[in-house]
Amino acid sequence: MSDLLTNDDLYRQIIIDHYNNPHNNCHLENPTYTSEGENATCGDHIELDLIVKDGVITDVGFDGGGCCIFTASASILTDMVKGQKIEDVINLAKSFKARLSVHSQKESIPDANEIDLGELEALDGVKDY
């Protein structure tokens with residue numbers, strides 16, 4: 001038996017870690033932007049707060065309820081967008097959505113193949129479900 005973790009094991013551990021200890025799981029005081037979303041299929045609900053200064057997300061927080069994948073993905077995403085320019089976050093979102101969609105072609109999104117998804121890659125298996 002190997003002591004090395006497979007990518008699936010590593011990705012599973014990332015998801016579990018973010019689920020057990022979600023980052024940025026809070027409401028922000030005086031956010032620049034607030035948005036809510038709900039997945040009608042499974043009941044996940046999110047409230048997202050952003051503080052944006054000069055086109056850069058300086059702080060982000062989320063609250064809501066849902067499954068392990070919901071909590072982990074919100075935690076990972078909020079880590080990734082903090083300190084980023086809005087236009088870079090938009091490109092990240094497009095690339096991530098294309099990567100998880102079984103109906104879209106990643107190649108159809110400009111520069112999608114060059115965008116580093118970081119720990120969001122741990123969610124690759126979600127598209128199978």
Side-chain angles (χ1 to χ4, degrees):
M1 188 158 125
S2 173
D3 289 334
L4 298 175
L5 291 176
T6 66
N7 277 350
D8 287 344
D9 292 336
L10 179 60
Y11 290 164
R12 193 174 299 114
Q13 189 59 50
I14 289 169
I15 291 169
I16 290 168
D17 288 347
H18 277 277
Y19 173 68
N20 288 329
N21 299 296
H23 305 174
N24 309 300
N25 188 207
C26 62
H27 280 290
L28 301 180
E29 285 191 38
N30 303 313
T32 310
Y33 299 100
T34 298
S35 184
E36 289 187 56
E38 188 163 324
N39 183 335
T41 304
C42 65
D44 293 346
H45 177 82
I46 189 168
E47 297 172 33
L48 183 69
D49 294 334
L50 299 174
I51 295 179
V52 178
K53 292 181 184 170
D54 300 321
V56 174
I57 298 171
T58 60
D59 205 0
V60 58
F62 79 95
D63 194 20
C67 67
C68 177
I69 297 299
F70 159 82
T71 302
S73 60
S75 176
I76 294 167
L77 180 66
T78 57
D79 279 348
M80 290 199 67
V81 303
K82 195 182 292 187
Q84 299 296 315
K85 294 178 184 176
I86 294 291
E87 56 267 15
D88 293 338
V89 171
I90 290 169
N91 289 331
L92 172 68
K94 288 178 182 177
S95 180
F96 181 64
K97 184 176 179 181
R99 186 178 185 118
L100 289 187
S101 176
V102 294
H103 301 294
S104 72
Q105 296 295 321
K106 186 175 164 183
E107 294 77 23
S108 68
I109 303 210
D111 300 321
N113 293 315
E114 286 79 41
I115 294 175
D116 179 12
L117 294 177
E119 287 188 332
L120 285 173
E121 288 185 24
L123 300 169
D124 274 351
V126 171
K127 69 181 168 193
D128 297 334
Y129 302 100

Item checked: Distance (rounded to the nearest 0.5 Å) between S75 OG and I14 CD1 -> 11.0 Å

Next item on the list: For a side-chain contact (heavy atoms from CB on, under 4.5 Å) with K82, tell me which candidate from D59, V56, L77 qualifies.
Entry: D59

Item checked: Spacing of CG belonging to L92 relative to CE belonging to M80, to within rounding of 0.5 Å -> 5.0 Å

Check: Taking all atoms of both residues into account, what is the closest heavy-atom pair of I46 and A74, and its distance?
Finding: CD1-CB, 4.0 Å

Next item on the list: Name all residues meeting the salt bridge (charged side-chain N to carboxylate O under 4.0 Å, His left out) criterion together with D63; count only those two or more places apart in sequence or in a different chain, and write none if there are none.
Entry: none

Notebook entry, point to check: Linking I/L/V/M/F/W/Y whenever their side-chain heavy atoms sit closer than 4.5 Å, directly or via other members, would V52 and L28 fall into one cluster?
Noted result: no

Item checked: Heavy-atom neighbours of E36 CD exceed 12 at 6.0 Å -> yes

Check: Which distance, rounded to the nearest 0.5 Å, do you find between the CG of N24 and the CD1 of I76?
Finding: 11.5 Å

Notebook entry, point to check: Is any side-chain heavy atom of P22 closer than 4.5 Å to a side-chain heavy atom of F62?
Noted result: yes

Notebook entry, point to check: Got a second to check how far D49's CG is from N30's CG, nearest 0.5 Å?
Noted result: 10.0 Å

Note to self: Keeping T71 on the side-chain end and C68 on the backbone end, is there a donor-acceptor pair under 3.5 Å?
What the structure shows: no

Next item on the list: Could you label the plane-to-plane angle of the H23 and H18 rings as parallel, tilted or perpendicular, counting under 30° as parallel and over 60° as perpendicular?
Entry: tilted

Checklist line | Any donor-acceptor N or O pair under 3.5 Å, side chains D17, Q13 | finding: yes

Check: When rounded to the nearest 0.5 angstrom, what distance separates OG1 in T34 from CD1 in I51?
Finding: 9.5 Å

Next item on the list: Would you give the length of the straight line joining atom CD of Q84 to atom CD1 of I90, rounded to the nearest 0.5 angstrom?
Entry: 12.5 Å

Margin query: Quick check on side-chain contact (heavy atoms from CB on, under 4.5 Å): which of T58, I57, T78 does L50 satisfy it with?
Written below: I57

Next item on the list: Could you check D44 against I69 for side-chain contact (heavy atoms from CB on, under 4.5 Å), going step by step and ending with a plain yes or no?
Entry: CA-CA 10 Å; D44 293 346; I69 297 299; over 6 Å; no

